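Scroll down for the structure; my scribbles are underneath it.
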Amino acid sequence: MTDSILEGSTEERPTRALVLHPDLKGDPDRRAALPALEEASALAAALAAIEVVGAEVVPLPKPHPGLLFGTGKVAELKERIHDAEVELVLVDGPVSPVQQRNLEKEWKVKLLDRTGLILEIFSDRARTREGVLQVEMAALTYQRTRLVRAWTHLERQRGGLGFVGGPGETQIEADRRAIDEQLTRLKRQLEKVQKTRALHRAARAKVPYPIVALVGYTNAGKSTLFNRLTGAEVMAKDMLFATLDPTMRRLRLEGQEVILSDTVGFISDLPTELVAAFRATLEEVLEADLILHVRDISHAETEEQAEEVETILASLGVDPEVPVVEVWNKIDLLPEMAREAAERRAGQEGPVAISAWTGQGMEALVETIAATLAPARLEEELLLPFSEGRKRAWLHEEEVIEREEETEDGYLLHLRWTERQKERFAAL
């Protein structure tokens with residue numbers, strides 16, 4: 001793994017960090033400054049190695065090409081950084097390699113932009129082999145563009161092999177080549193892991209259970225809902241990116257088997273390196289028969305978060321024919337009048353209002369999932385010999401027998417089942 005900028009931090013002595021959100025006045029797509037600062041602070045707090053000692057919005061008419069902030073603001077922040085004994089500055093936005101180098105030199109601290117911070121979190125959270133490889137590739141791609149900030153030895157030239165005259169290659173070129181070689185190796189390893197996952201998916205496809213994928217903005221409560229539905233113990237905390245790697249469980253809902261998949265949480269301005277790197281992690285969403293879009297309905301920016309999720313789903317290439325059910329989670333955190341209004345609105349517009357934490361609304365959600373997935377059911381009669389006890393037991397387990405009668409030749413079963421169940425029965 002690439003060296004972490006937080007390497008060496010300990011639980012006893014976390015790195016003191018200042019969070020800055022540049023509020024670019026001329027940016028037509030800029031987010032509301034205070035909620036954006038809160039999210040950036042929550043991102044920082046997601047790392048145990050960081051202690052956030054300050055956070056502020058910095059109004060910015062336009063970015064300074066060399067320093068990002070104006071020289072007066074840089075000097076003012078330098079004093080505050082010194083007085084608060086800050087060791088790390090987190091800038092909630094893009095910072096060019098030149099700006100990063102100049103600010104680190106001016107402030108005498110380490111600096112991370114939004115992409116670097118999210119990479120640190122992903123590096124800390126990834127558990128599966130695939131997740132670790134994807135983070136390493138994203139980190140190397142990010143690092144490759146920032147070699148300019150390294151030491152002056154990168155500008156020196158090495159001699160060639162001596163066979164041909166010439167200046168040789170610069171250290172920066174050699175470092176880039178080393179990174180490219182490492183990226184190629186990682187890509188080969190990742191392809192092997194993904195082939196294995198493809199085989200697992202192909203095996204699952206032979207067991208024709210519909211896939212229900214949970215998606216949503218990070219910290220919307222997907223993992224808590226996953227645990228509530230399945231009884232699993234997936235890590236679920238009030239923390240951004242508490243879970244990264246996809247988790248799947250088989251689940252029985254209203255008489256039918258489904259596979260429930262919990263995925264990585266989305267976030268606005270997700271670094272392009274990670275959108276590409278985690279595309280494979282989100283493959284389960286592309287194969288889903290039903291998508292549950294989990295929203296934190298108590299969040300001040302719930303509408304903006306929902307739009308961000310919809311944008312990312314579209315960019316992933318999710319089939320627009322796949323049904324999407326909105327799940328308005330954390331309804332218990334709303335004040336009474338707002339909660340009642342949200343429940344009325346949900347009833348009129350189609351979303352399901354729930355609290356995954358308290359269990360409120362779970363029955364309605366299960367009914368909605370079952371009704372949305374319910375395929376056309378065929379009504380048929382089947383004569384099953386008495387010797388086929390195992391098959392009869394399977395039909396009872398699937399709850400497809402409407403009525404049965406004993407005859408001289410066996411059981412006459414009146415069935416109401418789906419094409420999938422019929423195919424599975426034929427395969428017994």
Side-chain angles (χ1 to χ4, degrees), residues 31-32 35-36 38-39 42 210-232 234 236-243 247 249 251 253-254 258 260-268 282 284-285 288-314 316 318 320 322-374:
R31 301 168 61 203
E38 285 174 11
E39 182 180 280
I211 293 175
V212 179
L214 299 176
V215 303
Y217 207 80
T218 187
N219 213 32
K222 295 185 309 303
S223 295
T224 304
L225 176 57
F226 185 88
N227 292 345
R228 171 71 66 174
L229 285 169
T230 63
V234 175
K237 285 191 176 182
D238 183 18
M239 176 193 293
L240 301 189
F241 297 120
T243 52
T247 311
R249 292 286 186 279
L251 182 64
L253 296 176
E254 300 278 313
V258 303
L260 193 66
S261 172
D262 186 18
T263 61
V264 60
F266 299 164
I267 195 166
S268 64
L282 295 165
E284 305 298 349
V285 178
D289 297 279
L290 170 64
I291 294 172
L292 297 185
H293 176 184
V294 183
R295 288 175 55 179
D296 176 358
I297 203 65
S298 69
H299 197 282
E301 288 199 305
T302 184
E303 297 294 339
E304 289 83 356
Q305 290 180 353
E307 287 175 14
E308 193 69 40
V309 170
E310 287 161 11
T311 301
I312 293 173
L313 286 176
L316 285 171
V318 172
V322 174
V324 178
V325 172
E326 274 201 7
V327 181
W328 290 2
N329 190 27
K330 305 192 184 182
I331 199 84
D332 56 308
L333 298 184
L334 289 173
E336 187 175 352
M337 288 182 66
R339 183 170 67 247
E340 290 172 358
E343 287 170 345
R344 278 196 305 273
R345 189 179 147 207
Q348 292 163 358
E349 298 177 13
V352 185
I354 69 158
S355 166
W357 183 254
T358 67
Q360 179 188 344
M362 295 305 296
E363 285 184 18
L365 177 59
V366 168
E367 287 171 7
T368 301
I369 294 171
T372 308
L373 288 173

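Please read all numbers here as calculations on a predicted model, not as lab measurements.
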Could you state the interatomic distance from CG (Leu229) to CG (Leu214), rounded to the nearest 0.5 Å? 7.0 Å
Summary of salt bridge (charged side-chain N to carboxylate O under 4.0 Å, His left out) pairs that have at least one residue in residues 291-305, sequence neighbours excluded: Arg31-Glu301, Arg295-Glu303, Arg295-Glu326, Asp296-Lys330, Glu303-Arg345
What closest approach, in Å, do Pro210 and Asp289 show between heavy atoms, and which atom pair accounts for it? CA-OD2, 3.1 Å
Separation of Arg339 CZ from Leu333 CG (nearest 0.5 Å): 9.5 Å
Counting heavy atoms not belonging to Glu349, are there more than 12 under 6.0 Å from its CD? yes
To the nearest 0.5 Å, atom CD1 of Ile297 lies from atom OG1 of Thr302 at 4.0 Å
On a heavy-atom basis, which atom in Trp328 and which in Ala342 lie closest, and how many Å separate them? CZ3-O, 3.5 Å
Asn329 (side chain) donor-acceptor with Ala356 (main chain) under 3.5 angstrom: yes
Value for CG (Leu292) from NZ (Lys222), rounded to nearest 0.5 Å, stands at 11.5 Å
Rounded to the nearest 0.5 Å, what separates atom NE2 in His293 from atom OH in Tyr217? 11.0 Å
Name the residue from Leu225, Val212, Leu290 that meets the side chain to side chain contact (heavy atoms under 4.5 Å, CB included) definition with Leu260. Val212
Interatomic spacing from CG in Asn219 to OG1 in Thr224 - rounded to 0.5 Å: 8.5 Å
Looking at every heavy atom in both Val294 and Gly221, which two are closest together, and how far apart are they? CG1-C, 4.4 Å
Give every donor-acceptor pair under 3.5 Å between a side-chain atom in residues 360-369 and any protein atom, sequence neighbours left out.
residue	atom	partner	partner atom	Å
Gln360	NE2	Glu343	OE2	2.7
Thr368	OG1	Ala364	O	2.8

